[in-house]
Engineer: 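Got a structure for you, written out below as structure tokens; questions coming shortly.
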Amino acid sequence: MKITDIRVIVTCPGRNFVSVKIVTDEGLHGVGDATLNGRELAVATYLTEHVVPTLIGRDPHRIEDIWQYLYRGAYWRRGPVTMAAIAAIDTALWDIKAKAAGMPLYQLLGGASRDRLLVYSHAQGTTIEEAVENFGRKHELGYRAIRAQTGLPGMPHVYGTGPYSVTNDADLDAMPREEVWSTSKYLNYIPGLFEALRRTYGWDVELLHDSHHRLTPIEAARLGKDLEPYRLFWLEDAVAAEHQEGFRLIRQHTTTPLAVGEVFNTIWDARLLISEQLIDYIRMTTVHAGGVTPMRKIADFAAIYNVRTGAHGAMDMSPICLGANAHLGMWAPNYGILEYAGYSEEMLEVFPHAWRFEKGDLYPGEAHGHGVDINEELAAKYPYKRAYLPVNRLEDGTLWHW
Ligand SMILES: O=NC(=O)[C@@H](O)[C@H](O)[C@H](O)CO
Ligand SMILES: [Co+2]
């Protein structure tokens, strides 16, 4: 089999997505996600100008060789742009191989380790009351695990609580929106959200929370201790994790489970966190981790240390990435949970998919490959529109983590 064409498709059905479609001489094609929220065209250009010319004519079955060719052959290794580009090619190749084998991708990875995938969605509000009410709406939809976020007194639109529709955390702003943050107000206020959720909905639902890189290790330790009475499923991105050793301090003080990794793009970003069991869930996701090939390796490495998968699946990972994550989740013996923030109808029309959601679980479906495709004609109707993620400042103007 030979690769005859590789198309890089940029589309914006409510938010920007970058996709790769690899076409072969045997009539099979595969698709991959290359979306890097806020830097989409950097990846699209990396692909069209530097990657595509080197792959035409190659055998698409040689997935590992192509992965190594793109990773080692670039010389300049790692980083979000490079790894998203490699991820899109890799995911499309696994899609082709599973289609050629006549089976769903999870079968090719080793078969199903479970019947269904526990997923979590988002509930948010500008106040605790609003967040508790919106939590109830997701609970009624059947979600058994829900991430809860709230605004702060005087700061209604901190991360995860803004006027975000399902389209995009950043919305389609011309310039990055500037948000304001206070760690002390947050640390004083957030335990009240989880006290209210447990009081209102009891213990038979999993509570998750995302601190979105904003704390120091000692602040994260304090929050973890304060949240212990509410038995969270996980506290995510408590600290910006470049300093992996910093998680030793958090671990010393709290039994609240920790999840990290959505911004990681190589196992080296998580090697110490996993091997020292400083985290409980690794959040790396197919589009940012370099594709299915490394995601399998990361899952196996994590399994050695009793760390489970918890792939990132917000609405700015395209449905292609979510589909690949679902197939990886069906296979992975150490599957933990999958983020499923949901997509708009408009987006799902551009990306036909085989998965289905039912009573809090996701089922990848039995379509051959990863079960997601792209409708190129429809995609062409939504031209790219520059958009950014917000930036975040402390009350005194200090540029902070968003
Ligand atoms: O856990 N989920 C998240 O943190 C997401 O909402 C991220 O802010 C966005 O995907 C960034 O583009
Ligand atoms: Co997150």
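In listed order, ligands and their atoms are each counted from 1.
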Engineer: Look only at interatomic distance and state if Y159 has a nitrogen or oxygen under 3.5 Å from any nitrogen or oxygen of ligand 1.
Structural biologist: yes

Engineer: If you check every N/O/S atom of D210, which is the one nearest the Co ion (ligand 2)?
Structural biologist: OD2

Engineer: Considering distance alone, does some N or O of W402 sit under 3.5 Å from an N or O of ligand 1?
Structural biologist: no

Engineer: Is E40 paired with R15 through a side-chain N to carboxylate O contact shorter than 4.0 Å?
Structural biologist: yes

Engineer: Side chains of T293 and E64 only: does a donor on one sit below 3.5 Å from an acceptor on the other?
Structural biologist: no

Engineer: Is there a polar contact, in the sense of an N or O pair closer than 3.5 Å, between H122 and ligand 1?
Structural biologist: no

Engineer: Hey, is D237 touching ligand 1 through its side chain, its backbone, both or neither, going by heavy atoms under 4.0 Å?
Structural biologist: neither

Engineer: Taking non-hydrogen atoms only, is E339 closer than 4.0 angstrom to ligand 1 via side chain, backbone, both or neither?
Structural biologist: side chain

Engineer: Pull out every atom of ligand 1 sitting under 4.0 Å from any heavy atom of D316, numbered as shown with elements.
Structural biologist: 9 (C), 10 (O), 11 (C), 12 (O)

Engineer: When you measure from the Co ion (ligand 2) to each N, O or S atom of E262, which atom gives the shortest distance?
Structural biologist: OE1

Engineer: If you measure from the Lys or Arg side-chain nitrogens to the Asp or Glu carboxylate oxygens, is any gap between E219 and R214 under 4.0 Å?
Structural biologist: no

Engineer: Checking only N/O/S atoms, does E236 have one that is under 2.8 Å from the Co ion (ligand 2)?
Structural biologist: yes

Engineer: Does R147 reach ligand 1, in the sense of a heavy atom lying below 4.0 Å from it?
Structural biologist: yes

Engineer: Identify, by atom number and element, the atoms of ligand 1 in contact range of H312, meaning under 4.0 Å from any of its heavy atoms.
Structural biologist: 1 (O), 2 (N), 3 (C), 5 (C), 7 (C), 10 (O)

Engineer: Against heavy atoms of D210, which atoms of ligand 1 measure under 4.0 Å?
Structural biologist: 1 (O), 2 (N), 3 (C), 4 (O)

Engineer: How are the rings of H209 and F194 set relative to one another: parallel (under 30°), tilted (30 to 60°) or perpendicular (over 60°)?
Structural biologist: perpendicular

Engineer: For Y201 and H139: C-alpha separation, side-chain torsions, deciding distance, then whether side-chain contact (heavy atoms from CB on, under 4.5 Å) applies.
Structural biologist: CA-CA 9 Å; Y201 300 107; H139 201 214; 3.9 Å; yes

Engineer: Below 4.0 angstrom from a heavy atom of L389, which ligand 1 atoms are there? Numbered from 1 as shown, please.
Structural biologist: 12 (O)

Engineer: Measure the shortest side-chain to side-chain distance between F17 and Y382 over non-hydrogen atoms and say whether it is less than 4.5 angstrom.
Structural biologist: no

Engineer: At less than 4.0 angstrom from any non-hydrogen atom of N37, what atoms of ligand 1 do you find?
Structural biologist: 12 (O)

Engineer: Parallel, tilted or perpendicular: which one describes the rings of Y340 and F357, with boundaries at 30° and 60°?
Structural biologist: parallel

Engineer: Taking atom types as modelled, is there a side-chain donor on D5 or H29 under 3.5 Å from an acceptor on the other?
Structural biologist: no

Engineer: Under 4.0 Å between a Lys/Arg side-chain N and an Asp/Glu carboxylate O for E395 and K185?
Structural biologist: yes

Engineer: Which atoms of ligand 1 have any heavy atom of A314 under 4.0 Å away?
Structural biologist: 5 (C), 6 (O), 10 (O)

Engineer: Do D95 and K21 sit within salt-bridge range, that is, some charged N less than 4.0 Å from a carboxylate O?
Structural biologist: no

